[in-house]
Asker: 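Let me give you the structure first, and then I'll get to my questions.
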Amino acid sequence: MTYHSEPHDFSDKRAGYEQLATQLQGLLAGEADPIANAANTAALIFDALPGVSWAGFYFLRGGELVVGPFQGKPACVRIALGRGVCGTAAAKRETIIVPDVNAFPGHIACDAASQSEVVVPLIAAGRLVGVLDLDSARLARFDEVDARGVERLAALFVQASRLEELR
Ligand code: SME
């Protein structure tokens, strides 16, 4: 597999996410190792999506979220369910868009530069596996189109990977 980093055109966001989903399918094809796939998913998102300062995974291990493969600055390792944006998205099993992290009660500031965030829960066969988290240094970087686009990328990762190996 050779990945060529090309400028991604997100002037039409939906089309941009379609292109990204096709690329991710190609990256994950024929590989089911969850760590390898999480690493490549985070790297693709970080490389392709403009204005993203952190992109990566937290996996549910021993009843709490533990940081997995990511791109960006070093991050908090453990997050309790229900805490922060990640723990809230995981506990509610809902995607959460936070336009201004400073206005989100209980937000966990790993990187002081982070201003907005989107977190998508990872559900496989009805079981919570973890979350996919994206941060930006820009306020209100993520909208509903981003949320749906990132949910699609998360679903591709879930489908492609043997997630039972993470337990
Ligand atoms: N801000 C997150 C913590 C994880 S980092 O952003 C990588 C939260 O509040 O859950």
Side-chain angles (χ1 to χ4, degrees), residues 5 8 10 13 16-17 20-21 24 27-28 33-124 127-158 160-161 163 166-167:
S5 177
H8 286 69
F10 276 87
K13 260 199 205 185
Y17 276 107
L20 204 48
L24 183 61
L27 263 184
L28 304 184
D33 184 283
I35 302 295
N37 284 350
N40 265 337
T41 302
L44 177 67
I45 291 172
F46 190 75
D47 185 56
L49 265 185
V52 170
S53 57
W54 198 93
F57 291 84
Y58 281 86
F59 292 124
L60 186 63
R61 293 163 81 86
E64 60 187 345
L65 295 171
V66 181
V67 77
F70 67 91
Q71 299 272 313
K73 294 202 172 127
C76 339
V77 174
R78 291 172 190 276
I79 299 176
L81 287 181
R83 290 230 27 243
V85 187
C86 290
T88 304
K92 291 188 168 171
R93 297 180 171 218
E94 274 171 20
T95 296
I96 299 186
I97 302 168
V98 182
D100 179 357
V101 295
N102 300 304
F104 186 94
H107 167 257
I108 302 164
C110 290
D111 177 358
S114 176
Q115 296 294 316
S116 62
E117 185 161 358
V118 60
V119 180
V120 172
L122 306 171
I123 314 284
R127 190 175 67 87
L128 176 74
V129 177
V131 299
L132 175 56
D133 178 19
L134 273 59
D135 283 75
S136 175
R138 294 207 310 253
L139 279 170
R141 162 65 184 80
F142 306 104
D143 61 15
E144 290 292 336
V145 177
D146 292 288
R148 300 296 88 76
V150 178
E151 283 171 354
R152 170 118 173 80
L153 301 177
L156 290 173
F157 163 74
V158 166
S161 310
L163 297 168
L166 292 171
R167 272 187 267 184

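Atoms within a ligand are numbered from 1 in the order they appear, just like the ligands themselves. Note that the structure is predicted; figures quoted are calculated from it, not measured.
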Asker: Which one holds for Tyr58 and ligand 1: side chain close, backbone close, both close, or neither close, with close meaning a heavy atom under 4.0 Å?
Answerer: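 The answer is the side chain of Tyr58.
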Asker: With a cut-off of 4.0 Å, which atoms of ligand 1 are near a heavy atom of Trp54?
Answerer: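 Here the atoms of ligand 1 in question are 7 (C).
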Asker: Listing request: all ring-ring contact (aromatic ring centres under 6.0 Å, His included) pairs with a residue in residues 64-89, at least two apart in sequence or in separate chains.
Answerer: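 Applying ring-ring contact (aromatic ring centres under 6.0 Å, His included) to every pair that reaches into residues 64-89, excluding sequence neighbours, yields Trp54-Phe70.
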Asker: Among Leu24, Leu156, Leu27, which residue satisfies the side-chain contact (heavy atoms from CB on, under 4.5 Å) criterion with Thr41?
Answerer: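 Between Thr41 and the candidates, side-chain contact (heavy atoms from CB on, under 4.5 Å) is satisfied uniquely by Leu24.
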Asker: Name all residues meeting the salt bridge (Lys or Arg N to Asp or Glu O under 4.0 Å) criterion together with Glu144; count only those two or more places apart in sequence or in a different chain, and write none if there are none.
Answerer: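 Expected list: Arg148.
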Asker: Does a donor on one side chain and an acceptor on the other come within less than 3.5 Å for Ser161 and Asn37?
Answerer: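 Checked: Ser161/Asn37 side chains pair up, N/O donor to acceptor below 3.5 Å.
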Asker: Give me the nearest non-hydrogen protein atom to atom 5 (S) of ligand 1 as residue plus atom name, then the distance to 0.1 Å.
Answerer: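 Residue, atom and distance for the closest contact: Cys110 SG, 3.4 Å.
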Asker: Against heavy atoms of Glu117, which atoms of ligand 1 measure under 4.0 Å?
Answerer: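 By the 4.0 Å cutoff, the relevant atoms are 1 (N), 2 (C), 6 (O), 8 (C).
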Asker: Taking Ser116 for the side chain and Arg138 for the main chain, is one N or O donor matched with an acceptor at less than 3.5 Å?
Answerer: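 A pair under 3.5 Å: yes.
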Asker: Write out the residue and atom name of the closest protein heavy atom to atom 1 (N) of ligand 1, then the distance separating them to 0.1 Å.
Answerer: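 Answer, as residue, atom name and distance: Ile108 O, 2.8 Å.
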Asker: Only heavy atoms of His107, strictly under 4.0 Å: list the atoms of ligand 1 that pass.
Answerer: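 Those of ligand 1 that fall under 4.0 Å from His107 are 1 (N), 9 (O).
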Asker: Identify the closest protein heavy atom to atom 8 (C) of ligand 1: which residue and atom is it, and at what distance?
Answerer: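 The answer is Val85 N, 3.3 Å.
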Asker: With a 4.0 Å heavy-atom cut-off (strictly under), which part of Val101 contacts ligand 1: side chain, backbone, both or neither?
Answerer: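 The answer is neither.
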Asker: Does the distance from a Lys or Arg side-chain N to an Asp or Glu carboxylate O, for Asp135 and Arg141, drop under 4.0 Å?
Answerer: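 Result for this pair is no, no salt bridge flagged.
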Asker: What is the closest protein heavy atom to atom 10 (O) of ligand 1, and at what distance does it sit?
Answerer: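 Going by distance alone, atom 10 (O) of ligand 1 is nearest to Cys86 N, 2.8 Å.
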Asker: Would you mind listing which atoms of ligand 1 come within a distance below 4.0 Å of any non-hydrogen atom of Gly84?
Answerer: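 Those qualifying, in numeric order: 9 (O), 10 (O).
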Asker: Under a 4.0 angstrom heavy-atom cut-off, which atoms of ligand 1 come close to Asp133?
Answerer: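 Result: 4 (C), 5 (S), 6 (O), 7 (C).
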Asker: Assess the side chains of Glu117 and Ser136: does a donor N or O sit below 3.5 Å from an acceptor N or O?
Answerer: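 No, no side-chain donor-acceptor contact under 3.5 Å.
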Asker: Could you tell me whether some N/O pair between Arg83 and ligand 1 is separated by less than 3.5 angstrom?
Answerer: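 By distance alone, the answer is no.
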Asker: How close do Cys110 and Tyr58 get, heavy atom to heavy atom, and via which atoms?
Answerer: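 Minimum heavy-atom separation between Cys110 and Tyr58: SG-OH, 4.3 Å.
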